[in-house]
Amino acid sequence: MKVFMIITALLFSASASISAQGKGPKFSIQSSLEQIDLWPSHMPNAGGNRGSELISDKGSVTNVSTPRLIVHQPQHPNGTAILVISGGGYAHIELGKESTPTANWLPSEGVTAFELIYRLPQENWSSTQVPFEDAQRAMRIIRNLAKHYGIDQHKIGILGFSAGGHLAGITSTLFDKNFYKPVDAIDSLSSKPDFTGLIYPVISMLPPNNKTHSLKSIFGNQPTTEEEIAFSVEKQVNTHTPPTFLAQAIDDPISPIDNSYLMDKALKNANIPVEMHIFQTGGHGWGLGKKGSEVSAWPGLFKEWMKRSSF
């Protein structure tokens, strides 16, 4: 197979295009990082003319026109790679507080991290399922480039926060579903993650958990029951779902704690290895977790889980 690799050293400008309130430095994408276009040609469900991508001072991305991976390489790769996906209700992508801090931490543990910038469903694409196309393609590209980055093809995981957790969950359970027609030889590779991390995830689209912005972004205000079932991650779990790590706080006001409980139960019913950590406090959107907070324990717990699971 001809190895595919389009890596752009010339990065998209990460200077703020949207003003943000509050103090502190502006968010910026490190100019030294490589970026890989997901679709160098034949992007499925492309929309009309696109404006410039917008990145706020705090690292919230909108108006995505070029879905891509940002590569965070360790000095001494241990063979493991993780696709890291921020949330934002499928309305924006919270790089600044979720995927970027995590993708900066993982290389210190020897893990090669790939941050995903994915298309958002309400940004004039011809399908609202474009995030799922991008995540599947991202997994295949990472697997295709495994040798180049010193990655074991059987140690490629996925880690998602909030709506990014939903996207990671769908990628982990519906890896056999063709979200797009193959565009090249890379699409013959598996999009299945070898392990999955879901951090304060959106899981269920069914009542009473069908009030999230994620659901509205994909299906609008009146989804059918069939649509809600089809994109409820817990309903798609089967005996081939990857081992999964869950972490969430009981006082989460955005994604009810039942999301993690439902996923944990579904995985156990399918005899899939699962480790769940429930915190008393933490709310939602904590990323790596503020130093000293209860939820700041999750990265260490996730690291130990990966070691025990031989990832």
Got [X] and [Y] here, is their nearest side-chain heavy-atom distance under 4.5 Å?
| X | Y | result |
| --- | --- | --- |
| P67 | I117 | no |
| D152 | T80 | no |
| Y149 | F114 | yes |
| S296 | K291 | no |
| N45 | Q129 | no |
| D264 | T244 | no |
| I158 | I85 | yes |
| Y261 | M276 | yes |

| query | Within 45° of the six-membered ring axis of F179 and under 6.0 Å from that ring's centre, is NZ or CZ of K177 located there? | reply | yes
Output yes when a side-chain donor or acceptor of [X] lies under 3.5 Å from a complementary backbone atom of [Y], and no otherwise.
| X | Y | answer |
| --- | --- | --- |
| E34 | I70 | no |
| S60 | S56 | no |
| E123 | V64 | yes |
| N178 | Y180 | no |
| N63 | S52 | yes |
| D37 | P40 | no |
| K235 | L206 | no |
| N104 | T100 | yes |
| E98 | G87 | yes |
| S232 | M205 | yes |

Do [X] and [Y] pair up side chain to side chain, a donor and an acceptor below 3.5 Å, judged on atom types alone?
| X | Y | value |
| --- | --- | --- |
| S217 | Q122 | no |
| E115 | S99 | yes |
| T112 | Q73 | no |

[atom1]/[X] to [atom2]/[Y] distance, rounded to the nearest 0.5 angstrom?
| X | Y | atom1 | atom2 | result |
| --- | --- | --- | --- | --- |
| T241 | N271 | OG1 | CG | 11.5 Å |
| S191 | I156 | OG | CD1 | 11.5 Å |
| H72 | S108 | NE2 | OG | 12.5 Å |
| I142 | I36 | CD1 | CD1 | 7.5 Å |

| request: Begin from the C-alpha positions of D194 and K155 and carry the test salt bridge (charged side-chain N to carboxylate O under 4.0 Å, His left out) through to its verdict. | output: CA-CA 6 Å; D194 295 298; K155 293 185 178 181; over 6 Å; no
[X] versus [Y], closest heavy-atom pair with distance:
| X | Y | result |
| --- | --- | --- |
| L83 | A135 | CD2-O, 4.2 Å |
| P201 | S260 | CD-OG, 3.8 Å |
| V61 | L120 | O-CD1, 4.0 Å |
| P77 | G150 | CB-O, 4.2 Å |
| M139 | P193 | CE-CA, 3.6 Å |
| G282 | D251 | N-OD1, 3.2 Å |

| task | Before giving the answer on side chain to side chain donor-acceptor pair (under 3.5 Å), spell out for E294 and T281 the whole-Å C-alpha distance, their side-chain angles and the decisive distance to 0.1 Å. | result | CA-CA 7 Å; E294 186 182 356; T281 61; 3.2 Å; yes
| query | Can you list the steps and then say if N259 with Q248 is a side chain to side chain donor-acceptor pair (under 3.5 Å)? | reply | CA-CA 9 Å; N259 280 278; Q248 194 169 7; 5.7 Å; no
Check the hydrophobic clustering (I, L, V, M, F, W, Y; side-chain heavy atoms under 4.5 Å; chains of links allowed) and say if [X] and [Y] are grouped together.
| X | Y | answer |
| --- | --- | --- |
| Y118 | W125 | yes |
| L95 | V84 | no |
| I257 | L301 | no |
| V111 | L69 | no |
| L106 | L116 | no |

Mind checking whether [X] and [Y] have parallel, tilted or perpendicular rings, split at 30° and 60°?
| X | Y | answer |
| --- | --- | --- |
| F245 | H277 | tilted |
| W305 | F195 | perpendicular |
| F279 | W286 | perpendicular |
| F161 | W298 | perpendicular |

| said: Using the salt bridge (Lys or Arg N to Asp or Glu O under 4.0 Å) definition, which of the options R137, K181, R143 pairs with D187? | reply: R137
| task | Using a strict cut-off of less than 4.0 Å between a Lys/Arg side-chain nitrogen and an Asp/Glu carboxylate oxygen, indicate whether E109 and K307 qualify as a salt bridge. | result | no
| field | Stepwise side-chain contact (heavy atoms from CB on, under 4.5 Å) test for N209 and L262 | value | CA-CA 11 Å; N209 299 305; L262 287 167; 3.8 Å; yes
| What do the steps show when you test Y200 against S255 for side-chain contact (heavy atoms from CB on, under 4.5 Å), and what is the final call? | CA-CA 7 Å; Y200 47 89; S255 176; 5.6 Å; no
| task | Test salt bridge (charged side-chain N to carboxylate O under 4.0 Å, His left out) on E275 and R308 and set out the steps. | result | CA-CA 11 Å; E275 181 168 307; R308 290 194 305 273; 2.4 Å; yes
| said: Please determine whether salt bridge (charged side-chain N to carboxylate O under 4.0 Å, His left out) holds for the pair R68 and E53, giving the CA-CA distance in whole Å, both sets of side-chain angles, and the decisive distance to 0.1 Å. | reply: CA-CA 12 Å; R68 60 199 188 276; E53 184 172 285; 2.8 Å; yes
| task | Assert yes or no for the condition that the ring centre distance of W105 to F302 is strictly below 6.0 Å. | result | no
| task | For this output row, return yes or no: ring centroids of F231 and F219 closer than 6.0 angstrom. | result | yes
| query | Given I254 and D252, is the side-chain contact (heavy atoms from CB on, under 4.5 Å) satisfied, shown in steps? | reply | CA-CA 6 Å; I254 304 298; D252 190 325; 3.7 Å; yes
| Given the rule in the salt bridge (charged side-chain N to carboxylate O under 4.0 Å, His left out) test, do R119 and E133 qualify, once you have shown the distances and angles that lead to the verdict? | CA-CA 9 Å; R119 288 173 290 169; E133 298 171 354; 3.0 Å; yes
| Tell me, which pairs form a side-chain hydrogen bond (donor to acceptor under 3.5 Å, both in side chains) where one or both residues lie in residues 159-172, sequence neighbours left out? | Y90-H166, S162-H284, S172-T196
